[in-house]
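A short write-up of the structure that comes next.
Source: prediction; values computed, not measured.
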Number of protein chains: 2
Amino acid sequence: MKIIETIQELRKELQPHRSNAIGLVPTMGYLHEGHLSLIRRAKQECNTVVVSIFVNPLQFGPNEDFERYPRDLERDAQLAEEVGADLLFTPSAAEMYPRPIRTRVTVAGLTERLCGASRPGHFDGVTTVVSKLFHIVEPDRAYFGQKDAQQAAVIQQMVQDLNFPLEVIVCPTVREPDGLALSSRNVYLSEEERRQATVLFQSLQEAEKRWRDGAFSSAAEMEAFIRDRIETQPLAVIDYVSVLRYPALELPEDLHGPLIVAVAVFFGKTRLIDNVVLPGKEEAACFAR
Amino acid sequence: MKIIETIQELRKELQPHRSNAIGLVPTMGYLHEGHLSLIRRAKQECNTVVVSIFVNPLQFGPNEDFERYPRDLERDAQLAEEVGADLLFTPSAAEMYPRPIRTRVTVAGLTERLCGASRPGHFDGVTTVVSKLFHIVEPDRAYFGQKDAQQAAVIQQMVQDLNFPLEVIVCPTVREPDGLALSSRNVYLSEEERRQATVLFQSLQEAEKRWRDGAFSSAAEMEAFIRDRIETQPLAVIDYVSVLRYPALELPEDLHGPLIVAVAVFFGKTRLIDNVVLPGKEEAACFAR
């Protein structure tokens with residue numbers, strides 16, 4: 001695996017591989033099993049796999065954790081290589097933004113709720129840097145995790161709206177044995193916060209089970225159920241609990257799937273997110289078999 | 001030359017030509033000698049030349065001339081073929097916007113003055129559709145006219161900011177023998193309006209000559225001179241006369257080049273634009289030789 005820091009060098013390196021499939025796994029580094037599952041999938045489907053590591057200042061708000069976001073390039077390089085990455089692209093902020101960037105790619109609608117409401121400008125930063133990475137790497141396929149469900153939906157929309165010549169592949173959330181969704185931010189958690197954080201997925205699972213049993217009469221009722229569950233944990237401070245149509249991320253008129261149930265919860269300064277997708281009729285029939 | 005109406009067919013057609021240089025000339029059709037000069041230049045520099053004709057609804061304001069914008073596909077096809085176009089891409093609005101588009105590409109700063117101020121949202125429509133065309137055609141080079149100087153500067157900025165893997169080539173304005181810049185909108189002009197419209201370039205030329213002689217002490221003075229000249233024509237209604245730094249399109253602190261002197265003038269409902277670029281020191285020295 002080669003580690004490459006400049007756009008020019010990366011393009012040169014990719015040139016001879018352009019006739020075969022190129023896969024891109026864009027990350028902010030501090031790789032965990034979730035990222036590795038994306039790289040493995042890319043390796044299965046593509047001849048050349050590029051993993052990018054870039055903690056993108058554009059997608060962090062002024063009071064967010066850009067500075068303290070965990071970084072460990074040496075360990076990341078070892079892990080990425082082990083699961084089959086061919087090129088590790090680790091540009092500096094000066095390489096990605098050599099002068100003040102005046103251009104933004106924005107997706108309306110999908111970005112207004114959930115993390116878009118809590119983190120103004122966040123998704124503009126994501127879609128802008130992902131556009132740049134798409135233009136630099138020119139991948140045939142790009143891989144994103146379902147844990148960041150809204151991000152995946154926003155990028156899908158952008159790719160379709162702007163005719164990016166690539167396929168977006170969304171891969172399942174990878175979890176700890178106790179259900180906590182893997183996240184680079186989990187390292188921020190104290191022992192006690194880590195213990196209580198299991199409430200996110202537990203509450204989502206319980207809500208999903210009850211939804212399948214037809215126990216809820218409205219999205220509000222389902223959200224209230226999850227809120228109550230999460231609030232049993234004294235360190236949990238809810239940012240949002242939201243049931244929306246999926247992937248449009250609009251308010252649901254009823255509780256027929258596909259829906260997304262998404263939560264964001266603070267433990268101290270650490271903000272964790274998780275979600276489950278509740279299937280539509282056809283998919284639900286598959287589950288029932 | 002093949003005429004192609006769908007994105008899928010165009011991509012299929014271009015596939016075997018991707019190893020050689022592809023040139024794109026994006027137009028709104030009703031081709032004139034200005035467009036043809038872009039196609040000829042593309043043909044010189046590229047193996048395959050794609051000319052797109054798409055009157056993009058996204059870049060017209062509600063009270064602008066989208067509906068009556070002149071169209072003549074048969075004549076356009078003949079002209080494009082004569083000067084060497086290989087593929088003529090003529091998508092419908094439904095092909096380009098199969099569902100409401102939620103994504104926008106916007107360039108801040110450069111779009112605030114000149115036509116950006118007069119036509120709110122116009123450049124967002126331009127950069128968004130040009131992004132789509134770039135992703136559909138994946139050209140190595142894209143050709144634009146200097147007549148639309150602000151558009152060219154905005155697209156240059158977008159390409160650099162978002163790392164589009166292509167080169168933007170800006171070609172000189174083509175003019176009628178009496179100096180009027182060629183424009184598809186010139187057909188709107190009555191005989192009398194057409195006669196008076198020569199004042200745009202005449203006033204710019206006179207201003208440039210005086211600027212070279214050091215006759216102006218400020219941008220405001222230069223603008224006033226041009227306004228006075230244009231207003232000698234009774235049918236001319238000035239939208240703007242503006243002297244800005246080029247290509248940044250910022251207010252100038254002095255009158256050292258490179259500057260752009262840009263005008264937009266209504267004749268009846270018809271809005272015409274024109275500009276000259278005043279060179280910086282090095283270029284000016286070339287001229288003086």
>> Would you compute the distance between atom CD of A:Q157 and atom CD1 of B:I101 and round it to the nearest 0.5 angstrom?
In response: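 Reported value, rounded in 0.5 Å steps: 8.5 Å.
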> Could you state the interatomic distance from OG (B:S131) to NE2 (A:H135), rounded to the nearest 0.5 Å?
Replying inline: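 Atom-to-atom, B:S131:OG and A:H135:NE2 are 6.5 Å apart.
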>> The test is salt bridge (charged side-chain N to carboxylate O under 4.0 Å, His left out); show your working for B:R99 and A:D161 and say whether it passes.
In response: CA-CA 9 Å; B:R99 54 176 192 171; A:D161 281 351; 3.7 Å; yes
> Tell me, side chain or backbone of A:R18 under 4.5 Å from chain B's heavy atoms, or both, or neither?
Replying inline: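 Contact with chain B: none, neither part.
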> What part of A:T111 gets closer than 4.5 Å to chain B, counting heavy atoms only: side chain, backbone, both or neither?
Replying inline: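 It is neither, since no heavy atom gets under 4.5 Å.
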> In this structure, which one of A:L133, A:V137, A:I136 forms a side-chain contact (heavy atoms from CB on, under 4.5 Å) with B:N163?
Replying inline: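 When A:L133, A:V137, A:I136 are each tested with B:N163, the side-chain contact (heavy atoms from CB on, under 4.5 Å) holds only for A:I136.
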> When heavy-atom pairs shorter than 4.5 Å are enumerated against chain A, which of B:L162, B:V105, B:V107, B:L166 gives the highest number?
Replying inline: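 Looking at each option in turn, the highest pair count goes to B:L162.
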> Side chain, backbone, both or neither: which part of B:T127 has a heavy atom under 4.5 Å from chain A?
Replying inline: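 Neither part.
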